Structure formats: structure tokens, C-alpha cells
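Shown next, in C-alpha cells, is the structure this report addresses.
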Amino acid sequence: MAHFARARVDLGALSGNARLLKERAGGTPLMGVVKADGYGHGMVQAAHAMLAGGATWLGTAHIGEGLELRRAGISAPVLSWIIPPGEPVGEGIAAGLDLGVSDMAVLETVVSEARRLDRTARVQLKADTGLNRGGVSPGDWERVVAAAARAETDGLIKVSGVWSHFACADEPGHPSIAAQLDAFHEALATADKAGLEPEVRHISNSAALLTLPEARFDLVRAGIAGYGLCPIPDLDVPGLRPAMTLESRVALTKRVPAGSGVSYGHRYVTDRETSLALVPLGYADGVPRAATNRGPVLLGDRARTIAGTVCMDQFVVDVGDDDVSAGEYAVLFGDPSRQPGAPTAQDWATVLDTIPYEIVTRVGVRVPREYTALP
Ligand SMILES: Cc1ncc(COP(=O)(O)O)c(C=O)c1O
């Protein structure tokens, strides 16, 4: 692994964000969503930090991720929600994970594994209220709920939760939000009529947590905001702190004449004699090639832009006549409140026409994560 580059992760920021989000949600219990290696921050470390900040649930996409949390000694409730055929459902049940059930086939698998293991599986039924992605379709909901109620009566499962997920919570006022809330209320009423008594009902992600008090129910699920990044770029959330800083030492600098083409394809040409600094991070490390001539970087106390094509392992910055030398850190993104002038993951998302989720989750395995201790 590269020792000159690092993703510094501030565990105090993660726990502080969890605390702040729980307060923002009026004290509603908080699930820290730690899938995808804790959005690139390190799953187990992020989980511990969010639990320290007051989260009482953890969320993962895969059962394997939930099992990893258990192997790390984390006993907090964990919901894992993407369960394609062949997933280790039995292991999930044995580990006491809550399993997100999105259709009859998954429910049948869970029930048969519970029977085989002679265990009561914890199941959270997911209603598709309009995202049209995971979740039980409205036309199947009554049938799946009835089957779940029967399995509960047989002692094979406990329906611990009923939940859903918003399509457009990051666009406050979008008409689908109210429609999904109505559909969720209906789904809950059907579950209630079937005699289910879920411990938790939940639908809010970070964006809904920040903007929709009426969608809190018994639990709110915070992913991106827990990492200090706002899902709604224009929304100011005082106190939220980006937890990850991505930086690398400059490998070398060189002086080149005016008219020098830089990096593959010569997509940047110097307009004067200048100095170039080589930063040894590339698209294999999560710096998108689309950041060619666009990615923002703080180097030598000044905001600059990547010069030329981002390569697999490196990119170049034109530093003009500034005094920049090998060994200095170039900061790609971080927390400008701690490091004035540092670009943010949102700045990268803006220039690349994407979302900050994609920026932080894609930081490559070659970049070591360095953790600052919890305060
Ligand atoms: C089902 C589910 N809940 C919650 C989250 C967390 O969303 P966010 O990171 O926007 O808070 C995600 C993330 O994609 C998700 O898939």
C-alpha cells in the first residue's frame, strides 16, 4: 500500500455527526449505515464511532457485511437488506442479523433456513412505496405480509421491522415524497391488520432525516450525513463535519517551458514557463479520470486544478512559479473548516456531475486509511 498517500478519517467527526443527526431527528433512534466499507471510511471503525455518537442500529447492504460487524464484536442490532440467491441467510440468522425481505422468495428462504436451524429469524419487511427498486411491490404486499404473519405464528420469524426507502428525498418538495409517505402508511396499516407488531418502522435516509420530521417513525437511517456530507448540496447543516481527508505527498516537481503538453493526450498545454507537481494518486485510487483538467486540489496553500489527464496512478498540477516541493501534501478533499482552502467531496461531485457518495466510496484499496482516535 502507498505510504505517501492516505485517507485520514476523523472518528470524532463521525461520532459527532451521529450525535448531531440524532438531535436533528428529535431524538429518534438512529441507524448508522455502514455498507460499502462505511462509505469508504472503514466499516468497523465507522460503526464503532457512530455507536459511540449515539447510533443504536447499524445498516449494511450485504449479509456478509453484517457478519463482519459481528466478527468485530459488535452486538448492536444490524439490518442487512440486499439478499440475492446464494447469500448466507442461515449465517445471518445465526448471527442475529435483521434481514431485509423484499419479496416472497427471500421470505421463503429465510423461513426454511430458520426451520433448519431451529431459530427465530428477525425479518424486516420492506415495502416498495414508489422507488421501484427493492421492496415488496404494492400488489404483493398483502400476500407477503400474510405469509410473514403465518411464519411468525409458527415461531419461525419475528417481524422486527416494516420499512421503505425514498426515491427523491434529496429534492425537498418533490411530489413523490408525499406519495411515498402515503403508501408507507397504507403498508403499515396492512401489516397492522395482519396482526404484525414491528419493533421499528422506518423510511428516512439522511435527506429525509434533515428535512422531513413527519417521516421519522421509530428509526432514521443515516448514511452520507453520518460521514459529514450533505445529500442536499444547498442545505446548510451547521456542525456537520466531513470525516475523510484524501491527500498525497507530491512525488516530484519539474520546470517546463511554455507550450509543453502535459500527461496522456497532451490535454493540457502550459501557456508559460512553469513548474509541474506530480501527485501519485490516480483512477486506480479513486480519482476519476473524468477529473482530467477539472479536479480541485489544495497544494502549497492554494486552490488549484488538475492539469491534463488523470492516469492510473498519478496526475499533474501546474503550480506556476510557486514554491512547491516533493514531499508536500496535496489535499484532494477534506474539511475546509479544519483546513482552510481544502476542496470538499461535494466540490469534486459538482465538477464531475455526480454525488459525494461516489467520491468517498471509490477511494481505492491502495490508499491506507489513517484514523484519529475518538475524543
Ligand atoms: C436502504 C437504504 N437506507 C438508507 C441509506 C442511507 O442513505 P443516505 O446515505 O442517503 O443517508 C441507503 C443508502 O443508499 C439505503 O440504500
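The shown structure was predicted, so the numbers you read here are calculated from the model rather than taken from an experiment. As the structure lists them, so they are numbered: ligands from 1, and atoms in each ligand from 1. Only this structure's heavy atoms are used, side chains among them; waters, hydrogens and symmetry mates stay out.
Scanning all protein heavy atoms for the shortest distance to atom 13 (C) of ligand 1 gives Lys35 NZ, 2.8 Å. In terms of protein heavy-atom proximity, atom 9 (O) of ligand 1 is closest to Tyr39 OH, 2.6 Å. Residue, atom and distance of the protein heavy atom nearest to atom 5 (C) of ligand 1 are His165 CE1, 4.0 Å. Annotation: atom 10 (O) of ligand 1 to nearest protein heavy atom, Tyr357 OH, 2.6 Å. Closest protein heavy atom to atom 4 (C) of ligand 1: Arg221 NE, 3.4 Å. When only non-hydrogen protein atoms are considered, atom 11 (O) of ligand 1 lies nearest to Ser206 OG, 2.5 Å.
Using a 30° and 60° split on the angle between ring planes, Tyr39 and Tyr357 fall in the tilted class, from 30° to 60°.
With a 4.0 Å cut-off on non-hydrogen atoms, Arg133 touches ligand 1 through its side chain and not its backbone.
Between the side chain of Ser275 and the backbone N or O of Arg255 there is no donor-acceptor pair closer than 3.5 Å.
In terms of polar-atom proximity, Pro231 is not counted as a contact of ligand 1, lacking any N or O under 3.5 Å from an N or O of the ligand.
Between Asp10 and Arg241 there is a salt bridge, since at least one side-chain N of the basic residue sits less than 4.0 Å from a carboxylate O of the acidic one.
Aromatic pair His185/Phe217: centroids less than 6.0 angstrom apart.
In this structure, Arg6 satisfies the cation-pi test against Tyr329, with its NZ or CZ atom closer than 6.0 Å to the six-membered ring centre and inside 45 degrees of the ring normal.
Each of the atoms 1 (C) of ligand 1 lies under 4.0 Å from some heavy atom of Trp163.
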